[in-house]
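Sequence lines set the chain letters: A, B, ... in the order given, protein chains first and strands last, and positions in each chain run from 1.
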Protein chains: 2
Amino acid sequence: MTSRPERALQPTSPREIDSDPSLGTVEGAAGPGIAADLIAVLVAVTAGEPRVLTLQDARALPSGPFELAHRSLQSGMRAWVERQAHHPLGYVEQLYTFADRDRSLGPDQRVISISYLGLTREQPTMEGDEASWQSWYVYFPWEDRRLGVPPSIEQVLLPNLRAFADAAPTFALRQQRANRIAVTFGLEGKPWNEELVLQRYELLYEAGLIPEARRANPELGPAPVQGRSMILDHRRILATGIARLRAKIKYHPVVFELVPDTFTLLQLQRCVEALAGRLMHKQNFRRLVTQQELVEETGEVSQETRGRPAKLFRFRREVLTERAIVGTKLPISRS
Amino acid sequence: MTSRPERALQPTSPREIDSDPSLGTVEGAAGPGIAADLIAVLVAVTAGEPRVLTLQDARALPSGPFELAHRSLQSGMRAWVERQAHHPLGYVEQLYTFADRDRSLGPDQRVISISYLGLTREQPTMEGDEASWQSWYVYFPWEDRRLGVPPSIEQVLLPNLRAFADAAPTFALRQQRANRIAVTFGLEGKPWNEELVLQRYELLYEAGLIPEARRANPELGPAPVQGRSMILDHRRILATGIARLRAKIKYHPVVFELVPDTFTLLQLQRCVEALAGRLMHKQNFRRLVTQQELVEETGEVSQETRGRPAKLFRFRREVLTERAIVGTKLPISRS
DNA sequence: CAACTAATGCTCAGGCGGAGTATATCCATG
DNA sequence: CATGGATATACTCCGCCTGAGCATTAGTTG
């Protein structure tokens with residue numbers, strides 16, 4: 001780490017995290033102990049791009065200390081994120097908790113980080129606000145396949161990854177690495193799996209191809225791979241959030257938290273495509289949405305300029321209660 | 001809460017949790033602050049029953065403080081659970097983190113609880129050990145449908161739940177509750193969904209039908225619903241673990257962590273059935289397992305007594321690397 | 001040997017998902 | 001006003017997966 005980043009969701013109470021271990025991390029706390037940090041991956045989809053709320057020149061996720069006053073972790077999260085985003089959170093889900101030693105403030109201080117995924121609609125950030133919304137593909141360019149496979153994958157990523165695989169000391173390890181590359185990046189006839197965001201990030205990390213992995217070894221020089229990095233492990237947390245969201249939209253109707261109250265089916269499709277980083281088959285997408293009875297017509301039509309006007313739909317909130325998630329893969333006997 | 005439970009995975013360092021807030025919760029810690037607790041849902045399948053490791057007369061899950069010495073949460077977990085279970089953990093997964101105020105030790109003390117799911121094979125517990133393995137259906141009798149719908153559901157659960165629904169003040173709320181009961185318990189033609197373990201528990205909790213919900217109101221008398229309860233919210237955590245595992249086995253080959261190294265397909269099936277609480281179609285189960293190439297023959301046959309001898313199989317560990325999880329539900333276009 | 005139990009092999013029908021064709025309805029433009 | 005471009009919407013087709021059941025094999029037990 002080079003800078004001394006200040007992380008705070010509430011700009012009124014920033015605190016430094018990688019210096020001066022004697023600084024209290026919880027109000028009123030003194031001496032050694034454990035502090036808890038809440039980190040938010042706040043997602044919106046605007047103009048066909050999936051975007052995340054960032055701070056510190058787009059290099060940090062919003063985060064803030066968990067305080068004794070908070071009723072629960074989730075309510076603490078909701079409270080300060082809603083204040084920050086100037087908008088209620090539609091959906092909040094816990095991502096992961098970690099307390100790795102390299103995040104600690106000192107030998108007798110430890111930070112536990114609890115990360116959350118939140119869905120909302122983008123609100124304009126304030127003038128002079130250090131918060132800004134960024135396309136998440138700024139951080140993971142290789143995850144966007146809507147316009148086809150990005151050229152940088154073949155030109156930059158794969159050569160570097162292959163070199164990493166070939167650099168393994170034993171044949172078995174070389175095989176293993178090559179196979180892992182093929183699986184995570186969908187090579188050798190294997191399908192691309194858009195959910196493997198974290199696995200791809202970790203592979204690039206282990207291969208030393210991204211800046212985060214080179215912080216400990218500055219002599220390695222600049223990382224060869226595109227994509228903006230973030231402080232600490234925030235990009236890793238973002239990867240976790242993207243992966244979770246990409247999995248979630250397949251079996252739970254959370255997309256509707258990200259589109260306006262009324263929308264056309266194409267708008268909805270573009271939103272899903274933005275999240276998944278892949279294009280859908282239009283006719284089948286509508287079939288899926290309609291025959292699952294996820295939406296109902298409003299009776300209005302869109303005022304778009306080109307083409308046949310599209311009907312406007314709204315989400316049928318009832319589906320949230322009238323049935324649970326579907327989907328089983330076990331050959332359960334009904335008799 | 002009635003007793004003053006001692007929770008500790010390592011019997012050498014128990015600590016009291018609902019009394020004397022001045023007690024330090026982290027070694028070396030003093031004064032107000034935050035402490036972290038690790039709670040384990042440790043699962044094995046023995047003799048066709050899914051079992052969990054418990055302490056304190058089977059009323060608590062193993063738990064212990066997160067210590068500064070631990071490298072990470074997960075490694076802390078692994079270390080002390082393996083010591084407790086006298087067996088390496090095959091698979092560990094984080095479940096959930098919470099810090100609700102009603103778990104706090106006092107106004108200026110807060111406990112963050114991080115729960116984990118671990119899979120292993122049952123080892124005999126030590127003589128005089130307070131640890132014991134219990135069938136998880138002891139705590140959730142309504143979750144076992146292998147022998148058909150348990151009679152207690154129709155005889156006890158549903159009448160009480162219907163009374164709860166009818167007691168709602170408004171018509172809309174009555175409808176909503178009745179619908180929720182139907183969805184979670186698979187009534188009115190809706191299918192039983194074995195993954196809704198937590199939702200069912202929470203419904204029973206809200207309906208005031210289980211002891212945990214009545215602790216605050218002792219005048220309500222004994223809870224009418226079967227199933228052993230646990231201290232604090234341990235039964236809730238167990239429900240979370242069961243739900244997660246029931247979902248996981250459908251798309252990730254974790255069952256193999258719970259069966260011996262070599263097994264017959266029926267043994268494997270019985271293990272899955274134990275977890276899911278439902279019976280499988282035998283032929284289709286084999287088809288699923290074999291055509292996914294999850295197993296390979298050992299060449300041996302089982303020495304069981306009755307019926308045609310069954311071939312023994314072993315898990316093909318390669319599948320973990322040779323392909324990732326499958327399954328998509330988005331109409332992704334391949335062109 | 002007959003009966004029983006369990007393993008294993010195979011078929012069949014319905015449904016769903018991927019893909020493509022066809023038609024409808026708007027706008028812009030000549 | 002006709003036409004072409006663009007988009008929305010409807011429908012069809014086919015292969016695969018899945019639930020379900022029948023049939024056969026290979027052991028043990030009485």
Side-chain angles (χ1 to χ4, degrees), chain A residues 48 191-194 249-251 259 262-273 276 278-313 323 325-335, chain B residues 48 145 191-194 249-251 262-273 276 278-313 323 325-335:
Chain A
W192 170 265
N193 186 336
E194 68 279 354
I249 53 175
K250 289 176 186 164
Y251 60 91
V259 291
T262 68
F263 47 83
T264 69
L265 292 183
L266 187 59
Q267 275 180 290
L268 188 67
Q269 181 182 344
R270 294 286 176 248
C271 180
V272 175
E273 288 174 338
R278 310 184 67 174
L279 296 181
M280 312 279 152
H281 185 281
K282 185 194 265 193
Q283 295 93 319
N284 292 347
F285 181 83
R286 339 177 100 251
R287 180 173 65 185
L288 192 78
V289 171
T290 52
Q291 85 183 7
Q292 289 195 172
E293 299 181 299
L294 294 175
V295 298
E296 61 192 3
E297 298 186 12
T298 65
E300 318 258 300
V301 292
S302 163
Q303 299 303 323
E304 298 296 308
T305 60
R306 292 177 303 191
R308 174 175 169 178
K311 291 179 190 164
L312 284 172
F313 293 84
R323 64 167 177 268
I325 44 168
V326 286
T328 173
K329 276 181 134 187
L330 298 177
I332 287 168
S333 186
R334 281 176 191 152
S335 55
Chain B
R145 300 196 146 213
W192 171 264
N193 186 336
E194 68 280 352
I249 52 176
K250 290 176 184 162
Y251 61 91
T262 69
F263 48 82
T264 70
L265 292 183
L266 187 59
Q267 274 179 289
L268 188 66
Q269 182 182 344
R270 293 286 176 247
C271 180
V272 174
E273 288 174 340
R278 312 184 65 174
L279 297 181
M280 313 278 153
H281 186 282
K282 187 195 264 193
Q283 296 93 317
N284 293 346
F285 181 83
R286 336 176 105 251
R287 180 174 64 187
L288 192 77
V289 171
T290 53
Q291 84 183 7
Q292 289 196 168
E293 298 182 300
L294 295 175
V295 297
E296 62 192 1
E297 297 186 14
T298 66
E300 318 258 300
V301 292
S302 162
Q303 299 303 321
E304 298 296 308
T305 60
R306 293 177 302 191
R308 173 174 171 177
K311 290 179 191 162
L312 283 173
F313 293 84
R323 64 165 175 269
I325 44 168
V326 286
T328 172
K329 276 181 130 188
L330 298 176
I332 287 168
S333 185
R334 280 177 191 151
S335 54

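K282(A) comes within 4.0 angstrom of a base, heavy atoms only. At the heavy-atom level, L266(B) lies under 4.0 Å from the strands shown only through sugar-phosphate atoms.
For E300(B), the salt bridge (charged side-chain N to carboxylate O under 4.0 Å, His left out) criterion is met by no residue, not counting sequence neighbours. Residues forming a side-chain hydrogen bond (donor to acceptor under 3.5 Å, both in side chains) with E273(B) (at least two apart in sequence, or on another chain): Q269(B), R270(B). For R145(B), the salt bridge (charged side-chain N to carboxylate O under 4.0 Å, His left out) test picks out no residue, with sequence neighbours left out. Scored by the salt bridge (charged side-chain N to carboxylate O under 4.0 Å, His left out) test, E293(B) finds no partners at all (sequence neighbours excluded). In this structure K311(A) satisfies the salt bridge (charged side-chain N to carboxylate O under 4.0 Å, His left out) test together with E297(A), sequence neighbours excluded.
For the atom pair NZ of K250(A) and CG of L288(A), the computed distance is 12.0 Å after rounding to the nearest 0.5 Å. Taken to the nearest 0.5 Å, the CZ atom of F313(A) stands 4.0 Å off from the CG atom of L265(A).
For the pair R270(A) CZ and dA8(D) C1', the interatomic distance rounds to 12 Å; values are reported in whole Å. dT9(D) atom P lies 16 Å from atom CD of Q291(A), rounded to whole Å. Distance CD (E297(A)) to P (dA8(D)): 14 Å, rounded to an integer number of Å. Taking atom CZ on F285(A) and atom C1' on dG20(C), their separation rounds to 19 Å, with Å as the unit. Regarding M280(B), its CE atom lies at a distance of 15 Å from the C1' atom of dA20(D), rounded to whole Å. Distance F263(B) CZ to dA6(C) P: 20 Å, rounded to the nearest Å.
Donor-acceptor pairing under 3.5 Å, judged by distance alone, is absent between the side chain of R286(B) and the base of dG9(C). For R287(A) against dG18(C), a side-chain N or O and a base N or O form a donor-acceptor pair under 3.5 Å. Counting distance only, with no hydrogens placed and no angle test, the side-chain atoms of H281(A) and the base atoms of dG20(C) include a donor-acceptor pair under 3.5 Å. R306(A) contributes no side-chain N or O that forms a donor-acceptor pair with the base of dG5(D) under 3.5 Å. For Q283(B) against dT18(D), a side-chain-to-base donor-acceptor contact under 3.5 Å is absent. Side chain N284(A) to base dG17(C): no donor-acceptor pair is found below 3.5 Å.
Candidate nucleotides dG20(C), dG18(C), dA8(D) were compared by shortest atom distance to the side chain of A310(A), and dA8(D) ranks first.
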Nucleotides 24-26 of chain D: which of its N/O atoms have a protein N/O under 3.5 Å away?
{"unit_1": "dT25(D)", "atom_1": "O2", "unit_2": "R308(B)", "atom_2": "NH1", "d": "2.8"}
{"unit_1": "dA26(D)", "atom_1": "O4'", "unit_2": "R308(B)", "atom_2": "NE", "d": "3.3"}

